[in-house]
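See structure below.
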Amino acid sequence: MKLLRYGPLGHEKTGLLDAEGGLRDLSEHLPDLSGPALAGLGRIAAIDPETLPLVDRPERIGACLSRVPNFFCVGLNYARHAAEAGAKPPAEPILFSKAASAPSGPFDPIILPRGSEKTDWEVELGVVIGAETHDIPVARALDHVAGYCTINDVSERAFQTERGGQWIKGKSAPSFGPVGPWLVTADEIPDPQSLRLSLTLNGEVMQDDTTADMIFSVAEIVSYMSGFMKLMPGDVIATGTPSGVGMGMSPQRFLRPGDVVEAQVEGLGQQHQQVVDTR
């Protein structure tokens, strides 16, 4: 299934895409798409989409989850990205977080925060946890994944690397976590290590690679994290970005007001964001 949320900010309804790509109103059966609801996706899968009301031209697509308990990220997880950053491939996954307030809709604007001069883009495969997950072996890790989504891990590099402390400061401004357009259930993605990711800036290709370049696979990441913490339904993991970020260019290139970013992951939908400056 491809599940989504649509409608004005703060008043979204849940929906799903039918076989022809039409949007169907699912809100009567699933009022809220968040962690607790993920345990009941089997019941939702049994519903015939043709019995659901068809939605004509929704005014907005929201983040595919209404709220995120934890928004985790993995750094330097693509071999070619580590190389462009001048870093050795990590021996273990590098873990950090975005604030739970960072998620935004896939077509909402990227808002440059006050003081930003080095805001960057990062297309990523997002993993949505579907069940409590603690100390799970690699062989069982994917059984705990509810689905996948496209993520743009927007990052203010000066906040991240020049202000001391943890990376979270450069990762967490409002609008720095576009998620969606869809939550695609795990049964539609049999191999998360064979998906193409791409991102364009003003129509120019910046990133184009596949998840096969990941240093640590989705299953390895979920298993590894669960050895240190209990992952909860609705937790999101951004699994790293391929090469082609602005920080890795020579000269470096960063987002400016009016720029248009389009990010997509194979089978998970495309995002479109315009960069705005409200400072």
Side-chain angles (χ1 to χ4, degrees), residues 1-9 11-68 71 103-108 123-131 142-152 177-199 210-211 218 222 233-239 262-273:
M1 293 183 293
K2 292 181 173 67
L3 304 173
L4 67 155
R5 298 171 61 250
Y6 67 96
L9 181 64
H11 300 279
E12 295 90 345
K13 293 184 176 182
T14 56
L16 62 78
L17 294 187
D18 61 26
E20 286 73 41
L23 174 56
R24 299 284 177 163
D25 182 358
L26 189 60
S27 58
E28 182 177 337
H29 301 273
L30 185 67
D32 181 47
L33 184 54
S34 62
L38 300 180
L41 292 185
R43 175 181 61 84
I44 300 302
I47 298 172
D48 181 0
E50 297 295 325
T51 65
L52 301 174
L54 187 63
V55 179
D56 183 35
R57 298 182 181 178
E59 61 182 89
R60 174 180 173 273
I61 302 297
C64 58
L65 293 167
S66 63
R67 54 192 172 275
V68 174
F71 198 150
S104 58
F107 309 108
D108 293 343
V123 63
E124 307 204 8
L125 169 64
V127 175
V128 179
I129 299 298
L142 294 186
D143 295 339
H144 290 246
V145 173
Y148 301 91
C149 59
T150 301
I151 290 177
N152 186 355
V179 177
W182 315 315
L183 168 60
V184 180
T185 52
D187 58 294
E188 291 201 18
I189 309 295
D191 182 8
Q193 303 311 136
S194 64
L195 303 176
R196 180 164 293 280
L197 309 85
S198 63
L199 182 144
T210 75
T211 53
V218 171
V222 172
D235 281 352
V236 171
I237 306 171
T239 56
E262 293 186 306
Q264 63 180 326
V265 180
E266 181 182 355
L268 305 182
Q270 184 179 50
Q271 303 183 351
H272 177 105
Q273 296 112 25

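FYI, the numbering just counts along the sequence from 1. Values below: every heavy atom of this structure, side chains too, minus hydrogens, waters and symmetry copies.
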(request) Mark yes or no for whether Glu262, through its side chain, and Leu199, through its backbone, hold a donor-acceptor pair below 3.5 Å. (result) no

(request) Report yes or no: does Glu188 contribute a side-chain atom to a donor-acceptor pair with the main-chain N or O of Met1 at less than 3.5 Å? (result) yes

(message) So, taking the atom named CD in Glu20 and the one named CG in Leu54, what distance separates them when rounded to the nearest 0.5 Å?
(response) 10.0 Å

(request) List the steps and the verdict of side chain to side chain contact (heavy atoms under 4.5 Å, CB included) for Ile44 and Leu26. (result) CA-CA 9 Å; Ile44 300 302; Leu26 189 60; 3.8 Å; yes

(request) Find out whether Pro49 and Leu16 are in side-chain contact, i.e. whether some heavy atom of one side chain is under 4.5 Å from a heavy atom of the other. (result) yes

(request) Measure across Thr239 and Leu125 and return the closest heavy-atom pair with its distance rounded to 0.1 Å. (result) OG1-O, 2.7 Å

(message) Checking the side chain of Thr150 only, and the main-chain atoms of Gly269 only, is there a donor and an acceptor separated by less than 3.5 Å?
(response) yes

(message) Can you confirm whether Gln273 sits close enough to Asn152 that some side-chain heavy atom of one is under 4.5 Å from a side-chain heavy atom of the other?
(response) yes

(message) Minimum heavy-atom separation for Thr14 and Tyr6, please, with both atom names.
(response) O-CE2, 3.6 Å

(request) Report the distance from atom CG of Asp18 to atom CD of Glu50, rounding to the nearest 0.5 Å. (result) 6.0 Å

(request) Find out whether Ile189 and Leu268 are in side-chain contact, i.e. whether some heavy atom of one side chain is under 4.5 Å from a heavy atom of the other. (result) yes

(message) Could you report the tightest heavy-atom contact between Pro58 and Leu23, atom names first, then the distance?
(response) CG-CD2, 3.5 Å

(message) For a 4.5 angstrom cut-off between non-hydrogen side-chain atoms, does Pro106 reach His272?
(response) no

(request) Verify, without hydrogens or angle tests, whether Arg24 (side chain) and Leu52 (backbone) share a donor-acceptor contact under 3.5 angstrom. (result) yes

For a quick test of your reading: what N or O donor-acceptor pairs under 3.5 Å do the side chains of residues 59-68 make, sequence neighbours left out?
residue: Arg60; atom: NE; partner: Asp108; partner atom: OD1; Å: 3.1
residue: Arg60; atom: NH1; partner: Gly7; partner atom: O; Å: 3.0
residue: Arg60; atom: NH1; partner: Glu12; partner atom: OE2; Å: 2.9
residue: Arg60; atom: NH2; partner: Asp108; partner atom: OD2; Å: 2.8
residue: Ser66; atom: OG; partner: Asp32; partner atom: OD1; Å: 2.7
residue: Ser66; atom: OG; partner: Asp32; partner atom: OD2; Å: 3.3
residue: Ser66; atom: OG; partner: Leu33; partner atom: O; Å: 3.4
residue: Arg67; atom: NH1; partner: Asp32; partner atom: OD2; Å: 3.1
residue: Arg67; atom: NH2; partner: Asp32; partner atom: OD2; Å: 3.0

(request) Grab the two heavy atoms, one from Lys2 and one from Val184, that are nearest each other, plus how far apart they are. (result) CG-CG2, 3.9 Å

(request) With rounding to the nearest 0.5 Å, note down the distance linking CG in Leu30 to NZ in Lys13. (result) 13.5 Å

(request) Look up atom CG in Leu3 and atom SG in Cys149, then write down how far apart they are to the nearest 0.5 Å. (result) 11.5 Å

(message) With a 4.5 Å cut-off on side-chain heavy atoms, are Leu38 and Val128 touching?
(response) yes

(request) Taking Gln271 for its side chain and Phe107 for its backbone only, find out whether a donor-acceptor pair lies under 3.5 Å. (result) no

(request) Search all heavy atoms of Val218 against all heavy atoms of Pro192 and return the closest pair with its distance. (result) CG2-CB, 4.0 Å

(request) Rounded to the nearest 0.5 Å, what's the gap from CG on Leu142 to CG on Asp191? Could you check? (result) 9.0 Å

(message) What's the separation between atom CH2 in Trp182 and atom CG in Leu17, rounded to the nearest 0.5 Å?
(response) 6.0 Å

(message) For a quick test of reading the model, state the closest non-hydrogen atom pair linking Val179 to Pro103 and the distance between them.
(response) CG2-CB, 4.3 Å

(message) I'd like to know if the side chain of Thr211 reaches the main chain of Leu195, judged simply by a donor and an acceptor atom lying under 3.5 Å from each other, with no hydrogens or angles considered.
(response) yes

